[in-house]
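Notes for the one structure printed next.
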Amino acid sequence: MRSLFNRVPCKRLAAARRSRRCLHSHSQPHPLLATFSRLCDDGPLPAALALLPDLATAGVRADPVSLCRLIKLCVRHGTASDGRLIHDHVSCTANGGGEAPHTGLFVSNSLISMYAKFGLLHDALELFGGMPHRNVVSWTTVVSALANAGGRKVEALRFLVDMKRDNVAPNSYTYSSVLGVCGTPGVLAAVHASIVKVGLDSDVFVRSSLIDAYMKLGDLDSGRGVFDEMVTRDLVVWNSIIAGFAQSGDGVGAVELFMRMKESGFSANQGTLTSVLRACTGMVMLELGRQVHAHVLKYDTDLILHNALLDMYCKCGSLQDAGALFSRMPHRDVISWSTMVSGLAQNGRSTDALKVFGLMQSEGPTPNRITMVGVLFACSHAGLVEDGWYYFRSMEKLFGIQPEREHCNCMVDLLGRAGKLDEAVKFISEMNFEPDSVIWRTLLGACRMHKNANLAAYAAREILKLEPEDQGARILLSNTYADLRQWLDAEKSWKVMRNQGAKKEPGLSWIELGKQVHVFIAGELSHPFSTGIVQELNRLIRRVTDLGYVPQTEFVLQDLESEQKEDLLKYHSEKLAVAFAMMNSVKGKPVRIMKNLRICGDCHSFVKHVSKSEGKVIIIRDPVRFHHFQDGVCSCSDYW
């Protein structure tokens, strides 16, 4: 093991020892020390490093503070080789003797930190292992380095245990470092208990890290519990809890916390605003997103915030706002361009998406793999098969982008939607890698769309080989049989799922109204205004029937009488949401609805007719794309 105390002595060590006797006979500091100290503070680094041999030759030992400043200077402006030069010099002077243990410890800790920051964890651990004395800083530096290193998180926990066995008490920084590597609820609970035991649970820094750790594991309740127990909170803690809720998909909880934060007198910063925009995006809360935009204005050069805002407008279906923001942005990076391409494609504006992509090629940054996913998505959802093939085949040559699984999945989707199922199967067999369940699921969806039961069964089998517990494949297969009225085959699939305790995910739709989110469940009339909603729905059905709407009972995947099928269709979640929206609509404002499942053909027809009968723009976002309904026409051109 190497350390400051047992590293191989340098050649000048004997001379240094002889000259040190002369040094002690003078009361004035050696003139080299003042120059060295100044260079360690202000640089340049090469000049400071060049003095190290002169110091050794003169037998002069630099003070620990200057050496630590030199190490920090090296981290900022130097290389690992420069760092090793400093380590060699310190080892030589330390081996000369006469140095207090705490002085060597001070410098050793700085060297460990330096090696960690250069990514030389082996050197850091070797130095740590050879230290005769270690304090809380030494241990915490190593624990933090291991926690931040890929694939070494378990070691960070082991070092925490060893640290306690060495009778060194972890501090708030130690625990904050190690909390991020707690990969299971059990480990996190054990570390949390240890924090409480030593009385650090009231530390704001530790509590913030605890919240982050619980959120990372998806335990929102425990994270909220830690937050609610805090007597005092700062902006860091508020940001932690808001970001945790937003990243876990609980947009309502994130927004509620954001409101509480403002009521508590805290001003939002970039971190807060990015998290709230993420929540608005997930919940399609456009009005709140627009309010957040007002806060973003004071950060007019913050590209991350502007990209988050652009993404929010695109995913809330407000392309007018998105286009205006995009054109005003002082700087646009590849994320900005890719967001605009994907946003236009997902909103049914594939031609415009490809125009923006053309503009990006002429005046923007080089496209990346995400850009190309957006481009292929645009081709897929507009049925542009030849364009899709062109972009897929040329992306490596034009932009140096190797096709990855996501690009191949887009091609399977493109071919499948266009009804070219055999071509899609051939494409899958010729891919450079094994197809995953996502690609097979895409093919299965296309089989259902085009009512190909045999190929659907094949795709479902391939999915279940890879993911035996995947009930979604069985549901899609069963629905494919039901589409073809093959009720016995459909029932077989459902029987297997019932035996395994599987339940079909209910259709959900939700809408933002007055900063509140109203949720509707297919077949349920649990909303407080259900009576009025049913009355409004009946009114709308009468109106659209006069315009030619006929319930498309083939979308009811059950063997029932025609009237029963119409009743089931009537209370689909998006119809309930549309009726509620019409009851509360404001003239000139579009209606925006979010769905958890793909919109069915009957609801698609119904909403088209409502948009005409009521003169309203209705925007429905499902998990894949947007449908903009206006004057009886949908932006998807009935191709989705």
Side-chain angles (χ1 to χ4, degrees), residues 280-287 289-290 309-327 339-357 374-375 377-384 413 417 507 509-513 520 540 543-544 547 549 572-582 584-640:
C280 294
T281 302
M283 297 299 295
V284 199
M285 300 174 78
L286 180 63
E287 293 309 314
R290 283 180 172 144
L309 190 60
L310 183 65
D311 188 50
M312 185 275 296
Y313 280 132
C314 286
K315 288 182 178 167
C316 285
S318 185
L319 292 182
Q320 188 174 356
D321 287 316
L325 174 65
F326 184 75
S327 63
T339 300
M340 203 65 207
V341 169
S342 297
L344 287 164
Q346 288 171 343
N347 280 276
R349 303 252 303 264
S350 293
T351 304
D352 291 333
L354 295 178
K355 283 180 183 174
V356 169
F357 178 61
V375 168
F377 184 97
C379 296
S380 170
H381 286 257
L384 304 173
D413 189 47
R417 285 176 183 275
S509 296
W510 57 94
I511 184 170
E512 179 193 10
L513 182 68
F520 302 90
L540 291 172
R543 295 260 294 175
V544 297
L547 292 176
Y549 165 71
H572 275 193
S573 64
E574 51 267 63
K575 287 195 180 82
L576 296 172
V578 166
F580 179 73
M582 291 302 117
N584 296 279
S585 67
V586 177
K587 190 175 180 180
K589 287 187 71 174
V591 169
R592 287 182 167 81
I593 296 168
M594 176 74 179
K595 268 188 64 61
N596 67 326
L597 301 174
R598 182 177 179 267
I599 188 171
C600 82
D602 177 68
C603 289
H604 193 271
S605 173
F606 173 79
V607 180
K608 279 202 302 183
H609 283 88
V610 170
S611 72
K612 187 172 185 179
S613 72
E614 306 306 301
K616 292 291 291 185
V617 174
I618 302 171
I619 302 168
I620 295 182
R621 172 182 157 190
D622 68 20
V624 177
R625 66 173 300 157
F626 285 84
H627 297 266
H628 292 248
F629 300 92
Q630 186 171 9
D631 295 328
V633 177
C634 181
S635 59
C636 74
S637 303
D638 299 338
Y639 186 87
W640 82 98

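Note that the structure is a prediction, hence the values are computed from the model and not measured. The analysis underlying the following values was restricted to heavy atoms, covering all of them including side chains, and did not include hydrogens, waters or symmetry mates. Residue numbers start at 1 and run along the sequence shown.
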Sequence-distant partners of F606, ring pair (Phe, Tyr, Trp, His ring centres under 6.0 Å), two or more places apart |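 F606: ring pair (Phe, Tyr, Trp, His ring centres under 6.0 Å) contacts with Y549.
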Residues in ring pair (Phe, Tyr, Trp, His ring centres under 6.0 Å) contact with F377, at least two apart in sequence or another chain =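 Checked F377 against ring pair (Phe, Tyr, Trp, His ring centres under 6.0 Å); matches are H381.
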Stepwise, does the side-chain contact (heavy atoms from CB on, under 4.5 Å) test hold for E512 with M283?
-> CA-CA 8 Å; E512 179 193 10; M283 297 299 295; over 6 Å; no
Within a reach of under 6.0 Å around NZ of K608, are more than 12 heavy atoms found that belong to other residues, nucleotides or ligands?
->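 Counting neighbours around NZ of K608, more than 12 heavy atoms of other residues, nucleotides or ligands fall under 6.0 Å, so yes.
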Which atom of [X] lies closest to which atom of [Y], heavy atoms considered:
X	Y	result
G507	L597	CA-CD1, 3.7 Å
S573	K595	OG-NZ, 3.8 Å
M312	L286	SD-CD1, 4.1 Å
D413	S380	OD2-OG, 2.7 Å
R592	C316	NE-O, 2.8 Å
G343	L319	O-CD2, 4.1 Å

Quick one: does [X]'s side chain get under 4.5 Å of [Y]'s, heavy atoms only?
X	Y	answer
C314	Q346	no
V578	K575	no
E614	R543	yes
V633	H628	no
M582	V591	yes
L344	K355	no

Supply the atom-to-atom distance [X] [atom1] to [Y] [atom2], rounded to the nearest 0.5 angstrom.
X	Y	atom1	atom2	value
S318	Y313	OG	OH	7.0 Å
L310	T339	CG	OG1	5.5 Å
D352	N347	CG	CG	10.5 Å
L309	L325	CG	CG	5.0 Å
C634	D631	SG	CG	12.5 Å
I593	F629	CD1	CZ	9.0 Å

Please step through side-chain contact (heavy atoms from CB on, under 4.5 Å) for the pair L354 and V375, ending with a clear verdict.
-> CA-CA 7 Å; L354 295 178; V375 168; 3.8 Å; yes
When you look at H572 and D602, which way does the side-chain contact (heavy atoms from CB on, under 4.5 Å) test go after all the steps?
-> CA-CA 10 Å; H572 275 193; D602 177 68; 5.6 Å; no
Listed by chain and number, what are the side chain to side chain contact (heavy atoms under 4.5 Å, CB included) partners of R621, not counting sequence neighbours?
->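 Listed in chain order: V284, K315, M594, F626.
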Flag, side chain of S327 to backbone of G323, donor-acceptor distance under 3.5 Å =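 Flag set: sc S327 to bb G323 pair under 3.5 Å.
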Go through E574 and H627 one step at a time and tell me if the side-chain contact (heavy atoms from CB on, under 4.5 Å) criterion holds.
-> CA-CA 12 Å; E574 51 267 63; H627 297 266; over 6 Å; no
